[in-house]
Each structure stands twice: as C-alpha cells, then as structure tokens.
There are 2 protein chains.
Amino acid sequence: MQPVTIRDVARAAGVSSATASRVLSGNPATSEASRDRVTAAAAELGFSPNAQARSLRSTRTDSIALLISDVRNPYFADLAHAVEQAARNRGLVTFIGNANEDPAQQDEFLDAMMSRRVDGVLLVPQGLDSDGGTRPSPAVEHLLTRDIPTVLVDRTLAGVAAPHVTASSTAALHDAVARLARDGHRRIAFIGGPEHTSTAAERYADFRAALAAHGLDAGDDLHFHGDFRTPSGAEGARWLLGLEERPTAVVIADSPMAIGALAVWREAGLAAGTDLSVIAFDDIEAFALHDPPLATISHDLTDMGRRAVDTLADLMAGQPAASTVLRSTFTDRASIGPAAERNPA
Amino acid sequence: MQPVTIRDVARAAGVSSATASRVLSGNPATSEASRDRVTAAAAELGFSPNAQARSLRSTRTDSIALLISDVRNPYFADLAHAVEQAARNRGLVTFIGNANEDPAQQDEFLDAMMSRRVDGVLLVPQGLDSDGGTRPSPAVEHLLTRDIPTVLVDRTLAGVAAPHVTASSTAALHDAVARLARDGHRRIAFIGGPEHTSTAAERYADFRAALAAHGLDAGDDLHFHGDFRTPSGAEGARWLLGLEERPTAVVIADSPMAIGALAVWREAGLAAGTDLSVIAFDDIEAFALHDPPLATISHDLTDMGRRAVDTLADLMAGQPAASTVLRSTFTDRASIGPAAERNPA
DNA sequence: TTGTACGCGTTATCAC
DNA sequence: GTGATAACGCGTACAA
C-alpha cells in the first residue's frame, strides 16, 4: 500500500495541501470547517506524517540518541529506562544504541544518528581511538566539530569539552574502606574495569586514596584488570584465589563482574562475609538473589538519567550547560564481616 | 556550523553534485579521477550524508525498529542484543524502544518509527487496546493496514496475522513436571504473568496440561497472577506462604518475578530445593548468584533474535515469511529436591 | 482564511 | 563518464 501523504489528506478534505499542513501542525490560521474536515480525513486515511520530509524543512526532529556501553549490563539498562522516561516527559523520542563496549560500534551508531539529525546526543563514551592514540574516536570528534548538542553520561573522555553528568565514588569508597579497616581488614583487593574508561580509572584511584587515608598497603599488586563483563569477573575471582597471601576483602567495580566472581568463589567454597568480605559497585535488583546480602556502592540512576536529559535540553535550547557530579552511596550489608585470621595455625 | 551538503563536496571537488552523489554511493559509473577528488573533498569537509533527504528519495532507510516490553528485564536485554548484532550483520541499524509493558508507550514509539519510515518492525506486542476490547492497539493496526513489514517476537497477538518468532515451552514444562512428580511433588504452584500476554497464557496452559498428564491436581487455586516484574514476584511469594496447605514446588514465569520471590522466601527461612522446589523461566547470568543453582526453563535468545531478523528480512524483500516456534529447554538443577513431608508429625 | 510556489538535501532520469 | 533537472513530502512566505 502506498504511504498516505498530506496531499491525499488534502484531496480527501477538499482543501489545498497548505491548509492541511496548517491544520495538522496546529497553526491557528485555519477555519473551523477545514479543521474538522482535515482531521477527519487524516484519521480516515490513517495519515502519519513523514518525519524525514518534515525535519528536512524544519531541521528539528524532536528526538535524541542515547548510546550506552552494554544493554545487557543492568546498570545501563536502568540508565536507559531513566533517560527514556525523562525524555518522554519533554516530548522527545529516545533512540537507544548499544556499543558493546566497542568504539567501532559506537561510531557506527553515532554516524547513523548524525545522519538522522537527532537534536542531541547522550553519550557513554567508549574510550579512545582504536589507534591507541590520545584523541577521541572520529565520530565523537565529528559530533563536536559539528556542534551537535552532546552530554557525556556516566563516563568522561579526555580532551572532550562537552558537559557531563557523572557520579563520584570518592566519599563512598572512603566509607567502605573505613568500614573494612574497622573490621580488621588489611589486604583489600580490587577487581577493576578497563583502564581507558574514566569510571574504572577514577574508582581505582579513589580506592587507592581511601586505602592510603587509612594507612593501608597501597601496592598495585592487589589490582585485577577486568573489562566490566561477567567472564572477567570470574577470571578476577580465580586470580584472587591464586594469590600467595589471600586478601580478606575485595571491591568489585561493577555488577556483571560481581556476578561472575561470586559464582567462582562459592564454587571454591568461600563464603562471602566470612571467608571473604565483598563490596560490589551498582545495586541491581538481582543482587537480592545472593545470600548474604551484598554491601554495595551505588548511584541513583533515575537521578542521573533525569539530569542528563535536563543538561541536554539546556544545550539544545542554546543555553550554556554545566556539568554535574552526583554522589554515590555506600550501603553496608552482611557480605562484610570481620577479617579472617591469616595463616590460621 | 552549517551542515556540509553534497553540493559543498561537489564544489570543492570541482564536479557536479550528481557525480559526487554517484561516487559517494558507490555507483560504478565514475572515473578514477573524480572518485579520488570527491572522496578527498568529503573527508576534508567532514561530509555526513543527510539520511532524511536520502530516504526521501529512495524510500529506504536501512533501519528497523525493535520494541521490547521492558529494557530492565534481562530477558529482553538479551533479545535486544541478539537482534542488534543480527541486524548489524545485514547492514541494518536497530532502534530500540521500551514499552514498559504499557500499550500507550508502545504506540508512541511505533508512531515515531512509522513517521521515520523504518523498513521493518520487530514487535513484542503489549497486549490489547486499553479499552479492554479485542482488537490490537491503534498503532499496531496502523502497522498492518500500511503493510509495513512486521514480525511479532516472543509473544503473539490475537487477530494479528503477522508472522512470528516465538518459543514453545510445552515439552520443557512436561519434562519439568515429570521431574517434580518423580520426586514426590503433588502440589505445584505457578506464579504467572499477565493473562493478556500470549506467553503468560501459554505457559500456564502448558503447565496445566503437564500436570494433567501426570495425574496431578489441576485446580486453578495454585495460580498466582503476576505481571512479569520483580515486585509482583514478591507478592506471589507471600501469597504462597499464606496458602493453607503449602505447595512443595513452584514454577515462576520469568526472571524478575523469580528474583522478587526468592528474596521473600529466603527471608522467611525457606530453603530452595529443600523446603520448596523452585523452577524459574529464563536462564539469566544473574541466577549464578543464587545458591543452590536454579532449575530453569529457557530459550536460546541469540537464536530467537537471529531468526526474527531473518524473518523480517524476508518480508522486507517481498518474500512470504513463515512463523517459527523455537523449543525451550528444561535444565535440572539443585533448586529441585524431594517433596517435603506434608504436615510432619 | 486560503492557495500557489519554492526549497530543504539527496538520488534517479535523462540527455550529452 | 558527466551534468542539468525533476522529484521525494512537507512547511512556509507570499499573494490573493
């Protein structure tokens, strides 16, 4: 079936396409008579305006793009949900894209979005060029040189001046390490994310700083380099089991890695909170499956999503927009216990 | 900055816009000389073609829409990931939309997608009109009358003739009930999804049939009506605890409800596999957090996503497309144990 | 209040 | 192989 155009509607209503257009876009300069006939005809024919043609004229699409790192990571799924609801409240449609933690897929999606002239972009940046260089990837540079309203979310990117909405875990990690230190923990491991992401780098730096503040060993040998995904969490867990002098506590930098790690430790017979104290980043619903309940460091993602959309809206309105840094929360739960004796006799 | 058009590129390359277009869209009727100059100019100016204008001419957008019920449900997140990868392999961009299990949000997204003239739609339908009527929602009817290639995924919809890619759990539920019956279970509860979704209805019907096949009580009083979300799983768990004669086993129709239910039961001191045997639909990574490991009934979502895209591609190519019904798998794990004694002395 | 005519950026159709 | 030109569907300045 041929798509129904505004001309078809106009013909059916016995008016010109200009009048039909005016009626359909709410222009007040229309008579009641034509208004009735046009709306009736449009409904009758099932007219759906061609957004391509419309935005070719008006250069506005009332849509934004959201690029996340990994749809299957509950953290980003929650963020996507929050952004979508906030955007919907402003009459914006959200196109969600999945980068798979891969700069190439990120760029593909961004190119498609720029081609479709979205009004703005919310970007969880996927790190630098695959060249290993120090510049942002081509599509991201393109975004900036073309002055497309862009807000970085969750992560920042070196050399990119766009405003961002992120979360700082400095205080939460300080609290968490204080709690561990109080319970006698001296060797605390860190299962981190990929170095090139700002979140991974910051979380580890904050962790080191918190250790130092409590007079604990701040060597780099208790740092496992994961990639934010489940299998690398399992690897990290095995790495920890293989350490000569086993740490008594561990901090894991996101929830998929925590899932992978906890499964390995349980299989190895380690009880969380008893044999090994565990703190995981993110506080996802599925953590309720774990016994004992997991201590977490988490962000309010609804807030993050809402603020990201607010910031982007400012930018799209031509107003200058400031960056926001939210605070993370440390939640103490039973997966933290007293440090086990070292080398029990 | 003004967007760079193909005319700018043509001018910079010293050719006509027609030649520039031919070069940029890979038309072989071009000389090596102009090819070089045009590609150089395009790169120099950072040209990005306007997809609106392009598809205004060519009526193809090389994009598809995927509407899922709930981004935060890992089942649909996995499906979205699978679809996206499969579509990408065919050069199609996927726009993911989230309906929140709400027909109104479904229709909003579908309208936006129709406006943008996507080449096809993969739809997890959100049930009937809010009127409670028996017809599909307006946007879905629109999709069909306009003959937009559409494939139903995961769920079907009464009265909609579009091909579908779904999964049948008939055999898996038969296996699961057989396993429970063998272990002495006679009272088996079912925490189901919303009746108006085909998956919820089918799963419950198959469950009832499996019970009957094993000569078990098939009354309707052990059926809790949930909504596929975590809080309703918790409600279902409390409902089960309040039953006069407590069932010894339970089947839960999706993973978020399982998460909600298991947390409640643990808090109440019930051990899965000992006090209550548990089988959950879906086999998500996060289930690894649970001890003992959960018995599951699951689908291969990568397969489902791939086939959905295959089917849609056939439709878009004008070929007739057949529906596919995949088979679910029952995985026996330690959350199933012997039926506890009833009314122990 | 309404209709005519033009242009948004691109591709397809013709001539050359 | 290349260039001029029409057309995609819509919104709007202008004229009536």
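Chain identifiers are assigned alphabetically (A, B, ...) following the order of the sequence lines, protein sequences preceding nucleic acid strands; residue numbering begins at 1 within each chain. Source: prediction; values computed, not measured.
- Residue B/Arg54 is classed as a sugar-phosphate contact, given heavy-atom separations below 4.0 Å to backbone atoms only.
- Side-chain atoms of A/Ser69 and A/Arg155 form a donor-acceptor pair, as typed in the model, at a separation below 3.5 Å.
- Rounded to whole Å, the distance from CZ on A/Arg7 to C1' on D/dG11 is 12 Å.
- B/Thr324 and B/Arg307 share no donor-acceptor pair across their side chains, judged by distance under 3.5 Å alone.
- Between B/Leu56 and B/Ala18, the one whose closest nucleotide on DNA chain C sits nearer the 5' end is B/Leu56.
- The distance from atom CZ of A/Arg57 to atom P of D/dA13 is 8 Å, rounded to the nearest whole Å.
- With DNA chain C read from its 5' end, the first of the two nearest nucleotides for B/Ser21 and A/Thr30 is the one closest to A/Thr30.
- As a whole-Å value, the separation of A/Arg22 CZ from C/dT1 P is 10 Å.
- Between B/Asn27 atom CG and C/dT11 atom C1' the separation is 10 Å, expressed in whole Å.
- Distances shorter than 4.0 Å separate none of the side-chain N or O atoms of B/Ser55 from OP1 or OP2 on C/dT10.
- Nearest-nucleotide mapping onto DNA chain D: of B/Ala53 and B/Glu32, the residue sitting toward the 5' end is B/Glu32.
- Considering only side-chain atoms of A/Ile6, the nucleotide from D/dG11, D/dG3, C/dG3 that sits closest is D/dG11.
- For C/dT2, one of the phosphate oxygens OP1 or OP2 lies less than 4.0 angstrom from a side-chain nitrogen or oxygen of A/Ser34.
- If you check C/dT1, C/dT11, D/dT2 against the side chain of B/Ser31, the one that comes closest is D/dT2.
- Between the C1' atom of C/dG3 and the CZ atom of A/Arg11 lies a distance of 16 Å, rounded to the nearest Å.
- Of the side-chain N and O atoms in B/Ser58, none sit less than 4.0 angstrom from OP1 or OP2 of C/dT10.
- Following rounding to the nearest Å, A/Asn50 (CG) and C/dC8 (P) show an atom-to-atom distance of 18 Å.
- Atom CG of A/Asp227 and atom NE2 of A/His196 lie 8.5 Å apart (nearest 0.5 Å).
- Computed from coordinates, the B/Asp62 CG to C/dT11 P distance equals 12 Å when rounded to whole Å.
- In the model, B/Gln126 has no side-chain atom that pairs as donor or acceptor with a side-chain atom of B/Ser137 under 3.5 Å.
- The closest side-chain donor-acceptor pair between B/Arg54 and B/Thr61, if any, does not fall under 3.5 angstrom.
- Atom pair A/Phe47:CZ and D/dG11:C1' shows a separation of 12 Å (rounding to whole Å applied).
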